[in-house]
Amino acid sequence: MTVRIAVIGGGIVGACISRVLSRYEDLEIHLIEREVDVGWGSTKANTSLIHAGYDDDPDKYPVRASFCAWGNRLWRRWVDELEIRSNWPGDLVLAYTDEDIEMLKTLLRRAERNHVPEVHILWNREEIRRLEPNVNPEVRAALYAPSGGQVWHPVSATIAVVENAVENGVRLHLETEVRGIEVRNGEISAVDTNRGRIEVDWVINAAGLYADEISQMAGIDEFKIVPRRGEYYIFSRDAYPKVRRILFPAPKPWTKGVVVTTTVDGHLMIGPNAEDLPEEEKEMRETTVEGLEYVWNEASKLVEKLPPRRGIIRSFAGMRIEPKPKPDFIVKAYDEVLGFINAAGMRSPGFTSAPAIAEYIAKLLRDRDVKLVRKEKWNPFRRDIRSFREAGWNERERLIENNSLYGRIICQCELVTEAEILEAIRRGATTLDGVKFRTRAMSGDCQGSFCLHRIAEILSRELNIPLWKVRKSGAGSEIGVGNVAILVGDENEES
Amino acid sequence: MKRVDLDILVVGGGATGLAAAAKAWELGIEKVALLDEKPIVGGVLPQCIHTGFGLHYFGEDLTGPEFSYRLEKKVLNSGVEIYREAYGMELRYVKVDEKVVVASTSKGLREFHSKCVIIATGARERQRHEIGIVGSRPVGVYTAGEVQTLMDLYGVMPGREVVIVGSGDIGLIMARRFAMQGAEVKCVIEILPYPSGLARNIQQCLIDFNIPLYLSHRVVRVRGGRRVKCVEVYEVDRNLNPIPGTKKIIKCDTLVISAGLIPRIDLLREAGAVLDPSTKSVVVNEFLESTIPGVFVAGNALLINDLVDYVAEQGEKAAEGAVKFIEGDGFPAGEIKEVVRGRNIRLVVPQRLTGLGEVTLYSRVGRHEDNVVVKISELNFERTMFRVKPSTMLRVKVESSRVKESASSKVTISVEPKR
Amino acid sequence: MERKIICIVCPVGCEITVREKSDGEILVEGFRCPRGKEYALREITNPMRVLFTVLRVRGGELPTVSVKSSKPIPKKLIKEAVKKLSYMEVEAPIEVGDRLLENFMGTGADIIATRKVEKRLKDL
């Protein structure tokens with residue numbers, strides 16, 4: 001008998017849950033996402049880190065403490081299986097004061113309890129410098145966690161996970177918003193969406209910033225999600241000096257602090273700050289002068305030198321999730337509403353923990369008598385779009401030989417070719433952001449000012465829509481308002 | 001990788017590159033090729049549909065596409081091979097008569113082995129993050145070149161209510177363009193206390209269309225979810241910092257950034273050419289040769305120019321230099337004079353003189369001044385000028401003999417008040 | 001009557017003052033060349049501008065062709081001119097200099113193509 005499962009939320013948590021559950025027979029999995037593409041909520045803009053796991057206090061916050069290091073281990077395999085761009089430079093938590101040093105010792109203890117491998121404290125400035133030449137020379141000690149890593153972009157990682165889940169049978173519903181959850185006789189019976197009703201036996205709430213609202217729809221009102229904004233700066237690839245490791249300050253209870261890292265594709269990035277916003281402002285992803293100043297000042301403390309300000313090519317803000325009353329994950333099934341599972345409150349280290357949470361959810365289902373039998377033909381592998389930029393010269397020749405559109409460079413800053421953009425569209429990109437997160441186009445120094453119109457032209461052609469109607473992201477983000485005559489000509493003219 | 005052997009390779013098919021290629025052919029060089037990254041050559045000219053091009057170069061007042069077409073025809077009628085949709089990815093110096101450029105084309109990678117290379121890759125525009133505009137990142141924030149491409153190449157109307165940042169000519173021209181196509185242009189915002197574009201453009205772009213110009217103001221913040229909804233504008237003080245309490249909210253759906261150009265010199269930088277931070281480009285001699293022997297740079301890739309006539313002139317100069325280089329198998333080593341920036345000179349090209357070629361100095365002042373003398377003291381050069389301003393390039397020609405005769409190892413260009 | 005205008009004929013942009021004396025004589029000051037004087041006088045009486053805009057193209061490599069008026073037309077007609085031209089669609093191929101419209105709106109000026117547009121080859 002097929003068990004029907006709705007996973008609400010196509011962010012990294014929902015994606016990982018879908019992928020893990022797609023391993024099993026007789027499950028009909030619906031991944032429901034209200035945006036035009038996956039990963040555009042809280043997943044969209046965070047520091048992209050795969051944390052090592054020494055930061056979470058196992059006594060106070062046992063749930064996230066147990067999932068972080070486990071997630072880190074799982075990610076190591078997943079990034080290979082799914083060809084997710086990543087690297088593992090290791091974390092350096094830097095101490096400048098006595099308090100900081102005490103904190104490092106605390107982190108070391110936590111690392112041991114959370115089974116984080118190879119974490120140790122360096123007391124010798126020279127040793128720290130060898131690991132990180134650009135470290136602030138006043139550093140007194142540093143905690144080194146070699147298992148710390150990062151992905152190029154959390155949306156790109158989410159796309160990879162979802163592609164694999166879909167290949168293994170998960171049904172992806174985009175632009176589908178859950179309006180209600182039907183509970184009959186204390187059991188889940190269906191979800192109501194703007195595109196109709198889906199009958200399901202299980203609902204897994206991975207709705208991120210809106211998980212509190214979804215949970216309330218099912219009659220479970222235990223937590224609130226407070227939006228926590230974090231701002232970032234990204235520098236040009238030509239801006240130096242960069243860093244070799246992922247640099248952290250000694251953490252505070254509410255935040256890991258402003259991080260300095262060099263992204264997987266070679267741009268220095270600094271951020272985030274942590275500003276809690278009112279509940280109504282879950283979409284307020286604006287950067288602020290004060291927030292960015294704070295990020296700059298805090299980041300300056302970690303390094304000997306930041307690149308000059310004119311090397312900044314982008315600032316952005318992301319919205320993280322902060323669950324209240326307790327800053328810990330809420331991952332459980334409920335007796336009051338059978339068939340409802342919360343995978344909510346995924347504050348930091350939410351991204352890192354996502355694969356582990358997914359495995360845990362499988363266990364929760366099994367504990368509740370859902371038969372999980374592994375499929376014989378489950379494909380763990382997903383191939384990324386072949387990147388021209390990352391290929392060596394010989395491979396580039398071969399790519400062009402097989403597909404001449406690999407010879408047409410559209411995004412010069414990031415060397416993205418027309419072949420890759422077309423493949424992104426074939427894989428589901430319908431917007432400029434969708435192309436961006438699948439190919440890295442428009443994420444370089446000019447931020448799309450040279451290639452936006454060329455990518456839009458390709459989208460217009462492939463999707464058969466007028467050029468001005470091509471959207472950057474969701475509805476209302478069309479690049480133009482009509483053809484060039486629309487404001488002077490006859491309104492009845494066709495575009 | 002297919003190898004192509006050349007005498008001169010021109011990278012970039014805008015006005016500079018087209019002029020350079022045409023000139024090289026005219027001077028009798030046989031194996032000349034031109035690479036351009038787009039399917040249609042001309043650089044930005046095809047989208048500059050207004051007049052004002054070619055007054056010096058052709059003696060006529062042409063539109064951008066007409067100017068570009070004339071140059072393109074010259075090249076098409078020559079034996080220069082044009083590679084369209086070809087992107088130069090790497091530049092390497094092998095030896096004095098061999099430079100390699102690896103380019104991606106839809107027919108495959110090409111390795112061009114050329115005696116000389118002329119880099120004419122133009123510039124890119126500064127975008128909003130590079131001028132510190134915070135807030136949301138909705139659709140509707142474009143650079144001036146982007147909206148011009150959208151409107152005048154692709155026939156897309158980018159928005160209805162427009163605010164323009166930057167009173168340089170490009171910003172003023174787009175203000176007019178929008179107004180002519182029926183958009184409401186709310187204002188042009190300029191951070192300095194004076195406009196940077198030509199007075200005639202203030203007249204024909206702003207005054208003619210009743211578009212207000214707010215000097216000493218800057219856009220600090222953009223608001224809007226999916227699309228721009230409004231911008232927050234502040235008055236600025238002498239240090240260009242926002243003055244608290246002067247915030248104005250201007251409703252708009254489009255924000256056009258015209259905040260300056262940055263030369264595109266990745267190929268040169270990665271090949272190790274010496275840079276000049278004041279031009280944001282490379283150091284060159286009077287032949288427009290960079291510090292990589294036989295690699296020449298011209299046009300906006302060398303320094304940001306005001307007039308297309310100058311970029312074409314520089315393209316030709318680079319071609320002349322390349323031809324001389326080929327004939328002489330390189331330039332003879334000798335004493336190099338350094339060009340020094342004197343009083344009120346913010347940048348000058350060339351930065352080095354061999355004394356072997358005619359010198360045209362292209363320069364910009366740092367600040368407005370009236371009634372001045374432009375001086376090159378070591379060469380006994382003086383020119384009175386009624387007004388100098390940063391947005392108008394100074395162009396000074398000096399004969400090579402004067403340079404050679406000067407005993408000094410330096411040549412200082414400065415702007416002094418007229419006594 | 002006194003009016004200050006900026007001449008747009010060449011990049012110098014002379015600030016020209018046109019003044020009417022009490023006896024009806026018109027004085028023009030501030031120009032650096034005869035074209036400037038001519039421009040200033042005309043600007044006061046019947047300002048003219050070269051029109052440039054883009055027209056839609058059917059079947060071309062690009063969806064638009066840039067055009068200009070062969071000579072300046074009365075400034076007050078520009079708005080309507082752009083409106084009228086917005087209805088037009090031209091078929092590719094188009095050569096630079098093609099006369100797309102003659103004696104546009106009775107001004108004596110033609111509408112000339114300033115950009116070449118090749119015919120679009122069908123994509124295979």
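Letters A, B, ... are given to chains in the order of the sequence lines, protein chains preceding strands, and every chain is numbered from 1.
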Please state whether the side chain, the backbone, both or neither of [X] comes within less than 4.5 Å of a heavy atom of chain A.
{"X": "Leu150(B)", "value": "side chain"}
{"X": "Val102(B)", "value": "side chain"}
{"X": "Thr149(B)", "value": "side chain"}
{"X": "Val220(B)", "value": "side chain"}
{"X": "Met180(B)", "value": "backbone"}

Pick from [options]: which one has the most heavy-atom pairs with chain B under 4.5 Å?
{"options": "Leu452(A), Asp445(A), Asn403(A)", "answer": "Asp445(A)"}
{"options": "Thr417(A), Ile479(A), Val289(A)", "answer": "Ile479(A)"}
{"options": "Ser236(A), Ser473(A), Ala419(A), Gly480(A)", "answer": "Gly480(A)"}
{"options": "Ala475(A), Gly407(A), Gly311(A)", "answer": "Gly407(A)"}
{"options": "Arg314(A), Glu457(A), Lys472(A)", "answer": "Arg314(A)"}

Pick from Lys2(B), Gln127(B), Arg126(B) with the largest number of heavy-atom pairs that fall under 4.5 Å of chain A:
Gln127(B)
[X] versus chain B, the contacting section by heavy-atom distance below 4.5 Å:
{"X": "Ala456(A)", "value": "neither"}
{"X": "Arg471(A)", "value": "neither"}
{"X": "Phe388(A)", "value": "side chain"}
{"X": "Thr288(A)", "value": "backbone"}
{"X": "Gln412(A)", "value": "both"}
{"X": "Ile410(A)", "value": "neither"}

Any donor-acceptor N/O pair, Arg227(B) side chain to Glu478(A) backbone, under 3.5 Å:
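Yes, Arg227(B) side chain to Glu478(A) backbone: donor-acceptor pair under 3.5 Å.
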Answer yes or no: is there a donor N or O on one side and an acceptor on the other, between the side chain of Arg309(A) and the main chain of Gly132(B), under 3.5 Å?
no
Can you tell me how far the [atom1] atom of [X] sits from the [atom2] atom of [Y], to the nearest 0.5 Å?
{"X": "Ser315(A)", "Y": "Glu130(B)", "atom1": "OG", "atom2": "CD", "value": "11.0 Å"}
{"X": "Gln447(A)", "Y": "Thr143(B)", "atom1": "CD", "atom2": "OG1", "value": "12.0 Å"}
{"X": "Gln148(B)", "Y": "His453(A)", "atom1": "CD", "atom2": "NE2", "value": "11.5 Å"}
{"X": "Asn483(A)", "Y": "Tyr154(B)", "atom1": "CG", "atom2": "OH", "value": "16.0 Å"}
{"X": "Arg84(B)", "Y": "Arg408(A)", "atom1": "CZ", "atom2": "CZ", "value": "13.0 Å"}
{"X": "Phe316(A)", "Y": "His129(B)", "atom1": "CZ", "atom2": "NE2", "value": "10.0 Å"}

Does NZ in Lys248(B) sit with more than 12 non-hydrogen atoms of other residues, nucleotides or ligands closer than 6.0 Å?
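Atom NZ in Lys248(B) is crowded, with more than 12 foreign heavy atoms closer than 6.0 Å.
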Around atom CG of Asn464(A), are there more than 12 heavy atoms of other residues, nucleotides or ligands at under 6.0 Å?
no
Side chain to side chain donor-acceptor pair (under 3.5 Å) partners for Glu232(B), two or more places apart:
Arg221(B)
Any residue meeting side chain to side chain donor-acceptor pair (under 3.5 Å) with Asp36(B), in chain and number order, not counting sequence neighbours:
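In terms of side chain to side chain donor-acceptor pair (under 3.5 Å), with neighbours along the sequence ignored, Asp36(B) is linked to no residue.
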Where [X] and [Y] come nearest, the two heavy atoms and their spacing:
{"X": "Gly448(A)", "Y": "Glu146(B)", "value": "O-OE2, 3.8 Å"}
{"X": "Ser404(A)", "Y": "Ser106(B)", "value": "CB-O, 3.3 Å"}
{"X": "Val484(A)", "Y": "Gln181(B)", "value": "O-NE2, 3.0 Å"}

With side-chain contact (heavy atoms from CB on, under 4.5 Å) as the criterion, how do Asp238(A) and Arg269(B) come out once you've worked through the C-alpha distance, each side chain's angles and the decisive distance to 0.1 Å?
CA-CA 10 Å; Asp238(A) 297 315; Arg269(B) 192 189 306 117; 2.9 Å; yes
Looking only at heavy atoms, which of residues 250-265 of chain B get nearer than 4.5 Å to chain A?
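Counting heavy atoms that sit under 4.5 Å from chain A, the residues of residues 250-265 of chain B involved are Asp253(B), Arg264(B).
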If you apply the rule salt bridge (charged side-chain N to carboxylate O under 4.0 Å, His left out), what do you find for Arg223(B) with Glu286(A), and how did you get there?
CA-CA 8 Å; Arg223(B) 311 209 67 187; Glu286(A) 290 188 12; 3.0 Å; yes
Close side-chain approach of Leu487(A) and Met157(B), heavy atoms under 4.5 Å
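Leu487(A) vs Met157(B): side chains touch.
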Leu415(A) and Met89(B): CA distance, side-chain angles, deciding distance, side-chain contact (heavy atoms from CB on, under 4.5 Å) verdict:
CA-CA 9 Å; Leu415(A) 284 188; Met89(B) 296 174 66; 3.6 Å; yes
Taking it one step at a time, do Leu292(A) and Val134(B) satisfy side-chain contact (heavy atoms from CB on, under 4.5 Å)?
CA-CA 9 Å; Leu292(A) 289 171; Val134(B) 299; 3.6 Å; yes
Ion pair check, Glu35(A) and Arg226(B), cut-off under 4.0 Å
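Salt bridge flag = yes for Arg226(B) with Glu35(A).
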Neighbours of chain B found in residues 390-400 of chain A - heavy atoms under 4.5 Å
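Expected list: Trp393(A), Arg396(A), Glu397(A), Ile400(A).
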